[in-house]
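Okay, so here's the structure we're looking at.
For the numbers below, each heavy atom of this structure counts, side chains included, while hydrogens, waters and symmetry mates do not.
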Amino acid sequence: MTRGMANEQVNLRLLVLEMLLEVTENRNGSGTYSHVAVRDVLKKYNYLSQQEKSFLKRLFEGTLERMITLDFVINQYSKVKTGKMKPQIRAILRLSVYQILYMDAVPDAAACNEAVKLAQKKGFATLKSFVNGVLRSVARNKDAIAYPDLSVKYSTPEWIVNLWTSQLGEEKTIAVLEGLLAEHPVTVRLRDKSVKEALQEALAARGGSMKGHPYLENAYKIEKTDDMTTLPLYQNGAFVVQDVSSMLAVRAVLSEDFLAEKRTAGEKLCIVDVCAAPGGKSMLAADLLSDAGVDRIGFQIEARDISGKKVMQTAENFARCGFDKDSVSAVVCDALECDEQQTADIVIADVPCSGLGVIGKKRDIKYKITQEQLTELVSLQRRILEKAVKMLKPGGRLLFSTCTINRAENEETFAWLVEMLKMTPVSFFDALPSCLRQENVQTAETAKQGYLQLLPKIHDTDGFFISVLKKQDGV
């Protein structure tokens, strides 16, 4: 129990319990996404201390992330298996076993006692002994638990483990699984280097810190702080929240030789971002173009999305960062309904995907996505990309990217673009940071061939696919 503003008492474990039930036990198919649940609760209880917020966030996200492992452990010491339990009891046991196994700062006795109190509070006083018995058995035997396979050990559905093992091999799969379970600090891009010191001071005042990302000089990892969007420096557009993988993708398509060609021709540059929300790639493209002097000849970036709500959020981001509406705009448009012919110099297509590369941040994705949906997603991607290619001018470039790790959605669709739509791969090896070029031969070679699969732990990014292709004359 902890004390908040105006002596209001807040039971952090009870909050986590309610969040878990909302995300995992909703049976009508519209359960809240985990990152939305965290955001909404932290906003509502903004008066909590940083320590309390950190505890709440870790317990919720950790329990969700390790759910397969937790259920396996519970089932070893419970006669009633998790699938047969009341949802409230199942969630109480999960969050309590997580504390016992993964939170050293929480005494096992405290985890057990608080679980009993939660069971009482939720109207299950008759199950107090059951809850207490299971948890104390787990606590006594926690150092002797053996996990039967990678799925249970790394709390990832078996079909995903099998998919990656078949495509990456076991060694890389284990590295990816470990990377997804590692801590994921927020990454930001400074739009103005001069604000670095001010941001450091603002973070320090909240008990947070920042350190440079090894790939890009204007990218920083933020640690030990809560919602970055409440900082004045964020609100006045001094920085944006963006993963380095997304930054690398935009830099790959906006190569110096391509920009030099446009400056020489003196042509206004047209970029269309067909699945843009929340607009991070469009904003980086605008900043890079301005830095490269392309604003002297002019450019227009149109950020599109099918969702009106997301387009409104994107427009708010553009306004916060001070972009001229005549140069950078957000519009509602279904990527499948775009019928423009040869109007764009660059099309950015970060297409819908399974999201397997970001389950370290959006932990419920791995429980919601199915194998059947992968096939549907590949079909959707290719329909969007067909429209995108038609939109390109001859000589124009396509940035095709996803935030997943799956050959069918990535490498195979890249090959389809080459074979079926006659697109030509463009090397972006020189656009990669020097340390990334030197990490391994495979990274360097695939970038030369026009694509790159980034993997958690192996690379210091999300799981992300980047490819750049050029449209030939007469195609």
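- No donor-acceptor pair under 3.5 Å is formed between the side chain of Arg94 and the backbone N or O of Thr63.
- Separating the CE atom in Met67 from the CG atom in Leu20 is a distance of 8.5 Å, to the nearest 0.5 Å.
- By the 6.0 Å contact criterion, CD on Glu170 is open, its count of non-hydrogen atoms from other residues, nucleotides or ligands being 12 or less.
- Under the salt bridge (charged side-chain N to carboxylate O under 4.0 Å, His left out) rule, Asp287 has a single partner from Arg251, Lys281, Arg191, which is Arg191.
- Atom NZ in Lys122 sits 6.0 Å away from atom CG in Leu14 (nearest 0.5 Å).
- Residues Tyr154 and Val161 fail the side-chain proximity criterion, which asks for heavy atoms closer than 4.5 Å.
- Ring geometry for His35 versus Tyr33: interplanar angle of 30 to 60°, hence tilted.
- Residues Gln167 and Leu163 are in side-chain contact: their nearest non-hydrogen atoms beyond the backbone lie under 4.5 Å apart.
- Within a 6.0 Å radius of CD in Glu386, other residues, nucleotides and ligands contribute more than 12 heavy atoms.
- For the pair His459 and Phe464, the minimum side-chain heavy-atom distance is 4.5 Å or more.
- With hydrogens and angles disregarded, no donor-acceptor distance shorter than 3.5 Å links the side chain of Asn132 to the backbone of Lys128.
- For the 3.5 Å distance criterion, the side chains of Ser245 and Asp243 qualify, holding a donor opposite an acceptor.
- The neighbour count for Lys362 NZ, taken as heavy atoms of other residues, nucleotides or ligands under 6.0 Å away, does not exceed 12.
- Asn75 contributes a side-chain N or O that, together with a main-chain N or O of Thr82, makes up a donor-acceptor pair within less than 3.5 Å.
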With side chain to side chain contact (heavy atoms under 4.5 Å, CB included) as the criterion, how do Met247 and Thr187 come out once you've worked through the C-alpha distance, each side chain's angles and the decisive distance to 0.1 Å? CA-CA 11 Å; Met247 302 182 210; Thr187 306; 4.2 Å; yes
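- Annotation: Lys361, atom NZ; neighbour count of heavy atoms from other residues, nucleotides and ligands within 6.0 Å is above 12.
- With Thr413 as reference, Phe400 is the one residue of Phe400, Phe465, Tyr451 to meet the side-chain contact (heavy atoms from CB on, under 4.5 Å) rule.
- Looking at Arg383, its side chain never comes within 3.5 Å of a backbone N or O of Leu336 through a donor-acceptor pair.
- Heavy atoms of other residues, nucleotides or ligands lying less than 6.0 angstrom from CD of Glu197 number 12 at most.
- Once rounded to the nearest 0.5 Å, the distance linking OG1 of Thr461 with CG of Leu455 reads 8.0 Å.
- A cation-pi contact links Arg320 to Tyr234, judged by a cut-off of 6.0 Å to the six-membered ring centre and 45° from its axis.
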Test side-chain hydrogen bond (donor to acceptor under 3.5 Å, both in side chains) on Ser137 and Arg140; report intermediate values, then the result. CA-CA 5 Å; Ser137 294; Arg140 284 195 303 271; 3.2 Å; yes
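- Residue Lys211 qualifies as open at atom NZ: its count of foreign heavy atoms under 6.0 Å is 12 or below.
- Looking at every heavy atom in both residues, Ser34 comes nearest to Leu64 through CB-CD2, 3.3 Å.
- Contact record, Leu216 with Pro433: CD2-CG, 4.2 Å, taken as the closest heavy-atom pair.
- The minimum heavy-atom distance linking Gly450 with Phe414 is given by the pair O-CE1, 3.6 Å.
- Rounded to the nearest 0.5 angstrom, Ile160 CD1 and Thr370 OG1 are separated by 10.0 Å.
- Remark: the Arg189 side chain and the Gln242 side chain contain an N/O donor-acceptor pair separated by less than 3.5 Å.
- Contact of the Asp71 side chain with the Leu93 side chain is not registered, since no non-hydrogen atoms from C-beta on lie closer than 4.5 Å.
- Between the side chain of His213 and the main chain of Val188, no donor-acceptor pair closer than 3.5 Å is present.
- Counting all heavy atoms, side chain and backbone alike, Lys310 lies closest to Asp305 at CD-OD1, 3.8 Å.
- Of the possible polar contacts, one joining the Ser155 side chain to the Ile68 backbone as a donor-acceptor pair under 3.5 Å is found.
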Which is it for Leu17 and Arg13 under the side chain to side chain contact (heavy atoms under 4.5 Å, CB included) test, yes or no, and what are the steps along the way? CA-CA 6 Å; Leu17 173 60; Arg13 289 177 177 84; over 6 Å; no
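- Surrounding CD of Glu178 are more than 12 heavy atoms belonging to other residues, nucleotides or ligands, all under 6.0 Å away.
- The main-chain N or O of Ala119 is never found under 3.5 Å from a side-chain atom of Gln88 such that the two would form a donor-acceptor pair.
- Between Gln99 atom CD and Leu59 atom CG the span is 5.0 Å, to the nearest 0.5 Å.
- Phe60 is not listed as a side-chain neighbour of Val41, based on a closest heavy-atom distance of 4.5 Å or more.
- Taking all atoms of both residues into account, the shortest heavy-atom contact from Tyr220 to Leu190 is CE1-CD1, 3.5 Å.
- Expressed to the nearest 0.5 Å, how far CD of Glu65 lies from OH of Tyr367 amounts to 7.5 Å.
- The shortest side-chain heavy-atom distance between Thr156 and Leu150 does not fall under the 4.5 Å cut-off.
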Evaluate the side chain to side chain contact (heavy atoms under 4.5 Å, CB included) criterion for residues Lys196 and Phe239: first the C-alpha distance (whole Å), next the side-chain angles of each, then the deciding distance (0.1 Å), finally the verdict. CA-CA 10 Å; Lys196 177 183 175 182; Phe239 71 87; over 6 Å; no
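- Of the possible polar contacts, none joining the Thr32 side chain to the Ala37 backbone as a donor-acceptor pair under 3.5 Å is found.
- With hydrogens and angles ignored, the 3.5 Å screen pairs a side-chain donor or acceptor of Thr69 with a backbone N or O of Val152.
- A donor-acceptor pair under 3.5 Å links the side-chain atoms of Asn317 to the main chain of Pro278, judged by distance alone.
- More than 12 heavy atoms of other residues, nucleotides or ligands shown are found within 6.0 angstrom of CG on Asp149.
- Put simply, the side chain of Ser246 does not reach to within 4.5 Å of the side chain of Asp462, judged on heavy atoms.
- The minimum heavy-atom distance between Arg206 and Gln50, with the atom names listed, is O-CG, 4.0 Å.
- In this structure the side chain of Val116 never reaches within 4.5 angstrom of the side chain of Leu135, judged on heavy atoms.
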Which is it for Tyr45 and Leu56 under the side chain to side chain contact (heavy atoms under 4.5 Å, CB included) test, yes or no, and what are the steps along the way? CA-CA 11 Å; Tyr45 296 91; Leu56 183 149; over 6 Å; no
